[in-house]
Engineer: 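Before anything else, here's the structure in question.
The sequence lines fix the lettering, A, B, ..., with proteins before strands; numbering per chain opens at 1.
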Amino acid sequence: MNESVPHRDFVRQVVEEDLRTGKWDGKVQTRFPPEPNGYLHIGHAKSICLNFGIAEEYNGLCNLRFDDTNPEKEDTEYVDSIRDDVRWLGFDWDDRQFYASDYFQQLYDWAEELIRRDCAYVCSLPPDEISGGRGTASKPGINSPFRDRSVEENLDLFRRMKAGEFPDGAHVLRAKIDMAHPHMLLRDPIMYRIRHIEHHRTGSEWCIYPTYDYAHGQSDSIEGITHSICTLEFENHRPLYDWYCDALGIHHPQQIEFNRLNLTHTVMSKRRLLELVQEGHVSGWDDPRMPSLRGLRRRGYTPEAVRAFCRAAGVTKHNATLDIGVLENHLREDLNRRAERRMAVLDPIKVVITNYPEDQAEELDAVNNPEDTAAGSRKVPFSRELWIERDDFHEDPPKKFFRLAPGREVRLRWAYFITCTDFVKDDDGRVTEIHCTYDPETLGGDAPDGRKVKATLHWVSAQHAVAAEVRLYDHLFFREDPDDFDDPSLDWKSGLNPDSLNVVKEARLEPALAAAREGDLIQFERLGYFCVDSDSTAENPVFNRTVTLRDQWAKSQKQK
RNA sequence: UACCCCGUGGUGUAAUGGUAGCACAACAGAUUCUGGUUCUGUUUGUCGGGGUUCGAGUCCCUGCGGGGUAACCA
């Protein structure tokens with residue numbers, strides 16, 4: 001692949017070909033059509049990036065359209081959150097926010113037209129007989145006894161359905177196609193059903209509602225959509241999409257299907273995510289472990305990282321499952337560039353610098369972001385008693401352990417070299433305190449005599465430390481595929497990771513972190529990227545671990 | 001089962017009849033005041049069988065495998 005000519009996925013290739021041939025007079029019009037019945041997740045982000053991205057790249061427009069044809073499940077609460085999430089991702093639809101419900105009257109008029117042309121009829125069979133009459137995959141269906149009602153009777157019945165004269169389920173409007181069609185969806189599909197239920201936008205104006213198949217293509221048509229991009233599971237619906245547009249003789253967009261995004265160690269279906277919320281496995285849709293956009297946002301993901309990931313995920317026609325690590329790597333890449341560094345100790349153990357004066361403290365310079373000199377530096381207080389990470393000391397160091405151990409010298413980040421001279425244990429044999437001496441000559445990080453150390457530790461001055469709660473997150477599911485288990489008595493929730501949340505109540509932070517605010521991007525040196533949680537208060541600061549740093553040492557230990 | 005779609009390293013994706021490439025992962029090394037970052041190198045692939053062709057990952061046939069659908073959901 002030539003660097004100067006970035007790869008075009010097959011959808012973009014179709015768009016480019018259409019532009020070249022002038023199929024749509026140079027127009028590119030897409031849409032993102034969520035149903036307002038749940039929150040958006042990372043899978044939707046891929047669709048958003050594709051639809052809005054194509055519009056941007058080819059000088060076209062992308063509409064936001066709520067596909068609200070099923071009032072039983074839909075609510076304005078979801079409309080608001082969806083708008084918010086799309087904006088957060090970085091896309092804008094200007095004044096082109098539409099609803100399928102905007103088109104209810106037009107859809108109704110078209111339905112009457114299809115009745116008049118004997119292309120649709122009112123069927124009064126109960127639901128089970130309708131599905132039974134549809135036959136099976138290998139057996140053709142049988143015609144409904146109501147299939148040959150006259151146009152007049154159909155029109156009359158359909159109008160009375162609309163007028164509210166019948167209870168739910170009494171009648172439906174069906175397209176008259178072919179009950180023997182090898183494609184089940186084309187065996188007289190349902191266009192309208194009766195539902196006496198409040199719609200979040202049209203209230204009680206309607207008691208009949210169009211089905212997805214009858215509404216979607218025509219909504220696209222009304223909006224002048226050129227490329228109707230959807231996921232693979234709608235491939236089967238394309239013949240129907242085409243049938244309605246052709247039967248009505250209206251503008252006929254091209255439906256193109258692409259592969260939806262799947263990730264390891266999580267679930268993506270709205271139904272399952274809702275179940276996790278309702279059963280309390282997570283704290284809500286914005287729980288930082290959720291793959292929902294709100295969850296990712298609270299976790300500390302940046303829209304830039306999500307977009308880069310979606311772009312890298314690729315657009316094809318085969319099912320693909322990406323390792324969640326790929327998403328995390330895009331996040332690290334973005335955060336590495338942008339996050340300011342700070343020091344925080346999550347599992348503290350005390351270090352006493354025995355040759356450092358008791359009542360002395362000094363302010364040392366620490367670089368904010370080695371990847372960005374413009375980020376400047378800050379002062380970090382140093383004193384005789386410090387906290388370091390318990391993991392960074394070993395009384396009897398294993399092979400290749402480079403950190404602090406008896407007799408060993410290491411560097412304290414932005415401070416001095418220290419050498420461990422002694423340590424104290426409690427009755428349980430647990431190390432409670434480490435004694436070190438420091439070398440005043442090594443301020444600035446290097447020894448004048450040129451001697452080297454193999455490790456640099458982060459630390460926090462005990463008397464200056466700020467206490468905070470830190471929430472450490474891990475994958476929601478410990479299995480790559482939550483559905484991959486042998487025992488039939490188990491279900492997908494058996495793969496829920498019991499360690500997906502680990503709360504550290506009393507972490508010690510360098511004082512500068514007291515100023516951290518929601519939205520700040522922070523790296524705790526050597527630990528990972530963190531953000532301020534929405535639960536955070538001045539009295540009880542709360543940080544979320546967004547993602548760990550890569551850690552070769554931890555990896556090598558885990559493999560043992 | 002019927003209909004539809006899809007099979008390229010571990011994963012994700014290129015090659016549009018003409019040298020099977022890229023990214024991530026893995027492994028090895030260099031650099032480094034983060035066991036981070038950065039840099040270098042290495043390993044690993046066209047589902048099988050037939051055909052068409054000078055030449056097939058690509059086209060055809062066939063087998064196998066995976067997925068979707070079979071709602072008065074979207």
Engineer: Nearest to the side chain of A:N319, which nucleotide is it out of B:A2, B:G67, B:G12?
Structural biologist: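 Minimum distance to the A:N319 side chain belongs to B:G67.
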Engineer: Parallel under 30°, tilted from 30 to 60°, perpendicular over 60°: which one fits the rings of A:W492 and A:F477?
Structural biologist: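 It falls in the tilted class, 30° to 60°.
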Engineer: Describe the nucleic acid contact of A:K73 in one word from base, sugar-phosphate, nothing, applying a heavy-atom distance below 4.0 Å.
Structural biologist: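 Touches a base.
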Engineer: When you compare the protein's N or O atoms with those of nucleotides 56-60 of chain B, which come within less than 3.5 Å of each other, and at what distance?
Structural biologist:
none

Engineer: Could you tell me whether a side-chain N or O of A:S377 sits under 3.5 Å from a main-chain N or O of A:D365, the two making a donor and an acceptor?
Structural biologist: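 Not a single qualifying donor-acceptor pair exists.
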Engineer: What is the nucleic acid contact for A:F10, judged by heavy atoms within less than 4.0 Å: base, sugar-phosphate only, or nothing?
Structural biologist: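 It contacts nothing in the nucleic acid.
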Engineer: Which residues in residues 229-238 of chain A have a heavy atom closer than 4.0 Å to any atom of RNA chain B?
Structural biologist: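 Contacts with RNA chain B under 4.0 Å: A:E233, A:F234, A:E235, A:N236, A:H237.
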Engineer: Quick one: which of B:U1, B:C6, B:C72 gets closest to the side chain of A:S138?
Structural biologist: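 Given the options B:U1, B:C6, B:C72, the side chain of A:S138 is closest to B:U1.
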Engineer: With a non-hydrogen cut-off below 4.0 angstrom, is A:T321 in contact with a base, only sugar-phosphate, or nothing?
Structural biologist: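 The residue A:T321 makes sugar-phosphate contact but no base contact.
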Engineer: Pairs counted as Watson-Crick or G-U wobble with both distances under 3.5 Å: what dot-bracket string results for RNA chain B, using | for bases tied to another strand?
Structural biologist: (((((((..((((....[..)))).(((((.......)))))....(((((..]....))))))))))))....
Engineer: Using atom C1' of each nucleotide, how far apart are B:U40 and B:U31 to the nearest Å?
Structural biologist: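 Nearest-Å result for B:U40 against B:U31 at atom C1': 11 Å.
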Engineer: Does the aromatic ring of A:W553 sit over the six-membered base ring of B:G35, closer than 5.5 Å centre to centre and tilted less than 30°?
Structural biologist: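 According to the criterion (under 5.5 Å, under 30°), yes, A:W553 stacks.
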Engineer: Under 3.5 Å, which protein N or O atoms sit close to an N or O of nucleotides 24-30 of chain B? Give each pair with its distance.
Structural biologist:
from: B:C24; atom 1: O3'; to: A:N329; atom 2: ND2; distance (Å): 3.3
from: B:A25; atom 1: OP1; to: A:N329; atom 2: ND2; distance (Å): 3.4
from: B:A25; atom 1: OP1; to: A:R550; atom 2: NE; distance (Å): 3.2
from: B:A25; atom 1: OP1; to: A:R550; atom 2: NH2; distance (Å): 2.7
from: B:A26; atom 1: OP1; to: A:K555; atom 2: NZ; distance (Å): 2.7
from: B:C27; atom 1: OP1; to: A:Q559; atom 2: NE2; distance (Å): 3.4
from: B:C27; atom 1: OP2; to: A:K555; atom 2: NZ; distance (Å): 3.3

Engineer: Please state the C1' separation for the pair B:C22 and B:G55 - nearest whole angstrom.
Structural biologist: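 These two C1' atoms come out 25 Å apart once rounded.
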Engineer: Hey, can you tell me if A:Y209 and A:F104 have their rings parallel, tilted or perpendicular (30° and 60° cut-offs)?
Structural biologist: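 Because their plane-to-plane angle is over 60°, the rings of A:Y209 and A:F104 count as perpendicular.
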Engineer: Which nucleotide in the list B:G35, B:A14, B:C3 gets nearest to the side chain of A:K400?
Structural biologist: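 The answer is B:G35, which lies nearest to the side chain.
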Engineer: Between B:A2, B:A14, B:A74, which nucleotide gets closest to the side-chain atoms of A:T316?
Structural biologist: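 Nearest listed nucleotide: B:A14.
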Engineer: In whole angstrom, give the distance that lies between atom CG of A:L185 and atom P of B:A2.
Structural biologist: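 Roughly 18 Å, once rounded to whole Å.
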Engineer: Which pairs, protein N/O on one side and nucleotides 62-65 of chain B N/O on the other, fall under 3.5 Å?
Structural biologist:
none

Engineer: Taking B:C6 as the reference, what is the distance to B:U46 when you measure between their C1' atoms (whole Å, please)?
Structural biologist: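 Pairwise C1' distance, B:U46 against B:C6, rounds to 15 Å.
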Engineer: For A:Q13, which contact category applies under a 4.0 Å heavy-atom criterion: base, sugar-phosphate, or nothing?
Structural biologist: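 It contacts base atoms.
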Engineer: Write out a two-atom table: protein N or O, nucleotide N or O from nucleotides 32-34 of chain B, distance below 3.5 Å.
Structural biologist:
from: B:C33; atom 1: O4'; to: A:R411; atom 2: NE; distance (Å): 2.8
from: B:C33; atom 1: O4'; to: A:R411; atom 2: NH1; distance (Å): 3.3
from: B:C33; atom 1: O4'; to: A:R411; atom 2: NH2; distance (Å): 2.6
from: B:C33; atom 1: O2'; to: A:R413; atom 2: NH1; distance (Å): 2.6
from: B:C33; atom 1: O2; to: A:W414; atom 2: N; distance (Å): 3.3
from: B:C33; atom 1: N3; to: A:W414; atom 2: N; distance (Å): 3.2
from: B:C33; atom 1: N4; to: A:G444; atom 2: O; distance (Å): 2.2
from: B:C33; atom 1: N4; to: A:G445; atom 2: N; distance (Å): 3.0
from: B:U34; atom 1: O2; to: A:Q523; atom 2: OE1; distance (Å): 3.0
from: B:U34; atom 1: O2; to: A:R526; atom 2: N; distance (Å): 2.8
from: B:U34; atom 1: N3; to: A:Q523; atom 2: OE1; distance (Å): 2.6
from: B:U34; atom 1: O4; to: A:R341; atom 2: NE; distance (Å): 2.5
from: B:U34; atom 1: O4; to: A:R341; atom 2: NH2; distance (Å): 2.9

